[in-house]
Amino acid sequence: MSRPIFSVKERLSALLQVVGGMLFLQFGSSYAKMLFPTFGAAGMVGLRTFFAAIMLMLFFRSWHNLSRRVLLLVLPYGLSLAAMNYFFYLSLGRLPLGTTVALEFTGPLVLSFIHTRRWSDVVWTSLTVLGLVLLLRPESAVRPDLIGILFALLAAVCWALYIIFARNIAGKLPSGQACSLGMLCGGAAVFVPCTVPALWVGVHAPLLLGLSVVVALCSSALPYTLEMSAMQKLSAREFGVLCSLEPVSAALAGAILLHEIPSLLRLCGIFCVVLASLGTVLMPQRSNTTVPDGPTLPE
């Protein structure tokens, strides 16, 4: 089936939607980190998934597709999504935003390397390793937070699992329905241990609870909606190129909102990870088989 031809204006609109969603996501993560002293990292995961699930369910009217079969289909996807966000926020409590996102991004990169057998993969793997060495290199007397690094790498593993489960859903459910129902499953999994205590704290701090709704809107609801709209007008490769800029947008958001100014070496490490992901996406594939696009891949 041939791909529809879109005008320059439509493709520019799609580009702006992806970049806008990316910026919303990273700035939402920055505001979430500001709320850690009140709700904690686990509490923010609970509030984000709780409010985002409500927003997405209302926007996509996903209750029409609720059934036992559908819930079992999206359950692994939703659980991997919740675990990815959980470990990401735990890492974010210990590491700068740009470093956390760059480490987390190794999950999709490793998954991409596993599924290809090209000489250039050695180059991209080496570039990724170099980027990680620069990111994790102790500066002066400050040692890297090993627990934070472990949490970021666990988030990377969960992101890779998320992609696998998302591909399993592709073609079986509309992407909007899959995102909203997956968020519902993830939100249900963390509701008692994470959301309930955070909501109790929020009763005594209603203004900060309101800010957590903004975090859910910026980190989940808006990015998913914008990206799903853009993916209708961009190829998977074009979308992958744009997503590879996420570590850069994370470093930018961290610098502006959290005053986390990365050193020159860590900036070089972030750019090495970005270049490796760009190279992985842009290099021609040998296989002619295609995998249908799954739901969008949130942070």
Side-chain angles (χ1 to χ4, degrees), residues 3-33 48 52 55-56 59-60 81 84-85 88 92 96-109 112 131 155 159 162-163 166 175-176 179 183 214-258 260-262 266-283 293-299:
R3 183 180 177 84
I5 298 175
F6 295 98
S7 67
V8 174
K9 183 178 178 180
E10 288 174 318
R11 289 172 59 79
L12 179 60
S13 171
L15 176 104
L16 293 176
Q17 286 172 334
V18 173
V19 174
M22 191 184 307
L23 292 175
F24 272 122
L25 193 151
Q26 300 306 338
F27 278 87
S29 297
S30 296
Y31 281 112
K33 188 169 184 176
R48 171 184 169 177
M55 294 176 194
L56 290 171
F59 184 83
F60 291 108
L81 167 62
M84 178 180 65
N85 288 330
F88 174 76
L92 193 57
L97 178 60
T99 301
T100 302
V101 173
L103 287 172
E104 188 193 27
F105 210 77
T106 58
L109 273 179
S112 178
W159 195 354
Y162 177 92
I163 293 172
S175 57
C179 277
M183 186 66 72
V214 176
V215 169
L217 179 67
C218 292
S219 296
S220 297
L222 273 176
Y224 300 171
T225 304
L226 290 171
E227 287 179 0
M228 278 186 286
S229 175
M231 286 180 72
Q232 299 174 9
K233 303 164 191 170
L234 297 174
S235 68
R237 173 170 294 194
E238 291 166 335
F239 185 74
V241 170
L242 292 173
C243 282
S244 68
L245 300 177
E246 275 200 31
V248 177
S249 66
L252 178 65
I256 293 174
L257 294 179
L258 302 175
E260 296 174 342
I261 310 298
R266 285 193 170 144
L267 271 178
C268 291
I270 290 171
F271 280 114
C272 283
V273 174
V274 170
L275 287 176
S277 58
L278 280 171
T280 302
V281 172
L282 290 174
M283 285 297 290
D293 289 339
T296 54
L297 308 177
E299 178 70 49

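Since this is a predicted model, take the numbers as computed values, not measurements. Atom set for the values below is all heavy atoms of this structure, side chains included, hydrogens, waters and symmetry mates excluded.
Interatomic distance, Leu25 CG to Leu222 CG, rounded to the nearest 0.5 Å: 10.5 Å. Here the CD1-CD1 distance, from Ile256 to Ile261, works out to 9.0 Å after rounding to the nearest 0.5 Å.
Contact detail for Phe88 and Ala155: the closest heavy-atom pair is N-CB, 3.8 Å. The two residues Gly20 and Leu226 come nearest to each other via the heavy atoms C-CD1, 4.2 Å. When all heavy atoms of Met55 and Ala221 are compared, the pair lying nearest together is SD-CB, 3.7 Å. When all heavy atoms are compared, the tightest approach of Ser30 to Gly254 is OG-N, 4.1 Å. Minimum heavy-atom separation, Leu258 to Lys33: CD1-CD, 3.6 Å. A pairwise comparison of heavy atoms in Cys218 and Gly28 identifies CB-CA, 3.9 Å as the closest pair.
Partners of Tyr31 by side-chain contact (heavy atoms from CB on, under 4.5 Å), not counting sequence neighbours, listed by chain and number: Met34, Val215, Leu257. Partners of Thr106 by side-chain hydrogen bond (donor to acceptor under 3.5 Å, both in side chains), not counting sequence neighbours: none found. Residues satisfying the side-chain contact (heavy atoms from CB on, under 4.5 Å) criterion with Leu23, sequence neighbours excluded, are Val19, Phe27, Ser249.
Looking at heavy atoms from C-beta onward, Arg48 lies in side-chain contact with Ser220 at the 4.5 angstrom threshold. Looking at heavy atoms from C-beta onward, Gln26 lies out of side-chain contact with Leu252 at the 4.5 angstrom threshold.
Exactly one residue among Thr100, Leu97, Val101 makes a side-chain contact (heavy atoms from CB on, under 4.5 Å) with Ser29. That residue is Leu97.
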